[in-house]
Engineer: 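Below are the C-alpha cells for one structure; questions will follow.
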Protein chains: 2
Amino acid sequence: MTETKARRRAGRPRVFDTDAALDKAVRLFWQRGYEATSMADLVAETGVAAASLYAAFDNKAGLFAAVIERYAATFSVHLYAPINDPALSTYEAVKGLLERAASSFSEPGTPAGCFMYSAAVAVSPASAAIECLLRDKRIAAEALLIERLQRGAAQGELAANTDPAVLGKFINTVMEGMSVQARDGATINELLSIAKMALDRWPAAI
Amino acid sequence: MTETKARRRAGRPRVFDTDAALDKAVRLFWQRGYEATSMADLVAETGVAAASLYAAFDNKAGLFAAVIERYAATFSVHLYAPINDPALSTYEAVKGLLERAASSFSEPGTPAGCFMYSAAVAVSPASAAIECLLRDKRIAAEALLIERLQRGAAQGELAANTDPAVLGKFINTVMEGMSVQARDGATINELLSIAKMALDRWPAAI
DNA sequence: TACCTTACAGAACGATTATTCAATAATCAA
DNA sequence: TTGATTATTGAATAATCGTTCTGTAAGGTA
C-alpha cells in the first residue's frame with residue numbers, strides 16, 4: 001500500500017480516474033484485440049481526451065501495457081487465487097482454477113474468454129512487442145501452475161510417475177482451449193464439463 | 001472436379017495464379033490475423049496489383065473468405081483425415097487427429113498454431129462478419145468430431161456412461177489450447193505429451 | 001501577487017487504410 | 001477486322017490511423 005497522504009505532485013491535478021479509465025480500456029482491448037481497438041475508440045469509451053491519454057501512458061502501446069497490469073491485478077488475481085491458497089490440496093487448487101476459469105470466461109458482464117489469450121494472438125510485425133508482452137504473461141502463469149504442481153509432487157500428492165511440467169502444460173492447454181470455447185459461445189456448464197473431464201483420472205498418489 | 005477443358009470465359013485471361021496467390025495470402029493472414037494484414041501487405045506478398053485482387057475477390061473480406069476455403073481445402077483436410085478414415089477405430093482416429101495437430105501446429109514452414117483459431121479471435125465490430133466466418137468453421141469442425149464419436153459410441157467403442165458431445169468438446173478444447181501453446185513456442189514433443197495426456201482420459205469400453 | 005509545473009481541450013499532423021477510377025491490353029465470337 | 005468482354009496497371013480517392021501541437025486552466029510554492 002502506498003502512502004495515502006502522499007506528497008501531492010506539483011501542477012494541475014489529474015481530473016480523470018486512471019483505474020476507471022483503464023477498466024474501460026480493458027473491456028475494449030479484451031473484446032476487440034490490440035490492433036482493432038483505435039485510440040478514437042478508447043477516447044470515446046473512457047471519455048478522456050487523446051492528449052490526456054498520451055500524457056498519462058505515452059502511447060497506445062504504453063496504455064496497453066497498463067491495461068495488462070490492470071487486468072492482471074483484478075481478473076487474473078481472482079482466477080489464480082486457488083493456486084496461491086496454501087489451505088488447498090494440489091488437486092483442489094487445480095480444480096478451483098479450472099472452475100474459476102469456467103465461470104469467469106463465460107461471465108456475462110465481461111467479454112468472453114481470457115484477455116491474456118485473446119487480446120493479441122495474431123498481430124502485425126510492428127506490434128510484435130505487444131504480442132510478446134502477453135506471451136510473457138501466459139508463460140509466467142504456466143510456470144506458476146507448474147511450480148504449484150511441483151510442490152504437490154514433493155509432498156507426495158501426485159503419482160510418482162507424473163511429470164509436473166507436463167501435467168501443468170496440459171492443464172494450462174485445457175484452460176487456453178476453454179477460452180476459445182467461451183469466445184465461441186460455450187456456456188458455463190459446458191466449460192465445467194470440459195474442466196471435469198480434464199480432472200478425471202487425476203494422477204493421485206496411490 | 002470441374003471440367004478441365006471448360007469453355008474459356010470471354011475477355012482477357014487472368015495472368016496470376018489464383019491458388020498460388022491464395023497460398024501466399026493464407027500465410028500472411030495466418031501469421032498476422034485479419035485486421036493486422038493490410039491490402040498493401042497482400043499486394044507485396046502475392047505480387048498481384050490491388051485492383052486485380054479486387055477484381056477477383058471483390059474486397060478484403062472476400063479475399064479472406066477465399067483464403068479460409070483454401071486453408072480448409074489444404075491444411076484442414078490433412079488435419080482431419082483420420083476422423084474421416086473408416087479404417088481407423090474411434091480411438092485411433094482421435095489419436096491421429098491430435099498427433100497431426102501436434103506436428104502441423106509446430107511445423108517450421110508455416111506459422112505456428114492453427115489458422116482457424118488465430119486469424120480472427122478478437123476483431124473490430126466492423127469485421128464481426130469475418131470473426132463469424134471462422135467461428136462457423138470451428139463449430140462445424142467440432143460437430144464433425146462429435147459425429148465421429150457418436151458413431152463410435154453406437155458401435156460400442158466408448159464406455160457406456162460417456163457423452164460423445166462432452167468428449168468431443170473436450171478433445172476440441174485441447175486442440176484449441178495446443179494451438180495457443182504452439183504460438184507461444186511449444187515444441188512438437190511438448191504438444192505430443194499434451195495430446196498423450198488428453199488421450200489418457202480416454203473412456204474405452206470395458 | 002507572481003511564478004512553476006502539470007493537465008486540460010480541440011485542432012492539426014503526416015502516414016496508412018481499403019477502395020476505385022481511367023486508360024490500356026489481351027482474349028473471344030462474329 | 002470489328003466489337004464485346006475481361007484483366008492489368010498505376011494513380012487517385014476519402015476516411016481513419018496514431019500522434020503532436022497550441023493555447024489555456026488549475027493546482028502548488030514563494
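The model shown is predicted, which means the values in this text are computed figures rather than measured ones.
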Engineer: CZ of B:R32 versus P of C:dT17: gap in Å, rounded?
Structural biologist: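 Going from B:R32 (CZ) to C:dT17 (P), I get 10 Å.
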Engineer: For residues 42-54 of chain B, dump all side-chain donor-acceptor pairs below 3.5 Å to protein atoms at least two apart in sequence or in another chain.
Structural biologist:
{"unit_1": "B:T46", "atom_1": "OG1", "unit_2": "B:L42", "atom_2": "O", "d": "2.7"}
{"unit_1": "B:T46", "atom_1": "OG1", "unit_2": "B:V48", "atom_2": "N", "d": "3.2"}

Engineer: Do the side chains of B:L133 and B:I68 get nearer than 4.5 Å, heavy atoms only?
Structural biologist: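 Sidechains of B:L133 and B:I68: in contact.
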Engineer: Return the minimal non-hydrogen interatomic distance between B:P82 and B:G96, and the atom names on each side.
Structural biologist: CG-C, 3.7 Å
Engineer: Tell me, do B:W202 and B:V94 make a side-chain contact under 4.5 Å, heavy atoms counted?
Structural biologist: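 In contact.
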Engineer: What string of B, S and - do you get for nucleotides 7-20 of chain D 5' to 3' if you count protein non-hydrogen atoms under 4.0 Å?
Structural biologist: BSBB------SSBB
Engineer: Compute the angle between the rotation axes at the two ends of the helix from C:dT1-D:dA30 to C:dA30-D:dT1, each taken over five pairs, rounded to 10 degrees.
Structural biologist: 0°
Engineer: Enumerate donor-acceptor pairs with a distance under 3.5 Å from any side-chain N or O in residues 142-149 of chain A to protein atoms, sequence neighbours excluded.
Structural biologist:
{"unit_1": "A:E142", "atom_1": "OE1", "unit_2": "B:Q181", "atom_2": "NE2", "d": "2.9"}
{"unit_1": "A:E142", "atom_1": "OE2", "unit_2": "A:K169", "atom_2": "NZ", "d": "2.8"}
{"unit_1": "A:R148", "atom_1": "NH1", "unit_2": "A:T90", "atom_2": "OG1", "d": "3.0"}
{"unit_1": "A:R148", "atom_1": "NH2", "unit_2": "A:L88", "atom_2": "O", "d": "3.1"}

Engineer: Applying ring-ring contact (aromatic ring centres under 6.0 Å, His included), name anything that partners B:F16, two or more places apart in sequence or on another chain.
Structural biologist: none
Engineer: Rounded to the Å, how far apart are A:D17 CG and C:dC8 P?
Structural biologist: 12 Å
Engineer: Could you list the residues that satisfy ring-ring contact (aromatic ring centres under 6.0 Å, His included) with B:Y71, not counting sequence neighbours?
Structural biologist: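 For B:Y71 the ring-ring contact (aromatic ring centres under 6.0 Å, His included) partners, ignoring immediate neighbours, are B:W30, B:F75, B:F115.
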Engineer: Between B:Y34 and B:K60, is there a cation-pi geometry (under 6.0 Å to ring centre, at most 45° from the normal)?
Structural biologist: yes
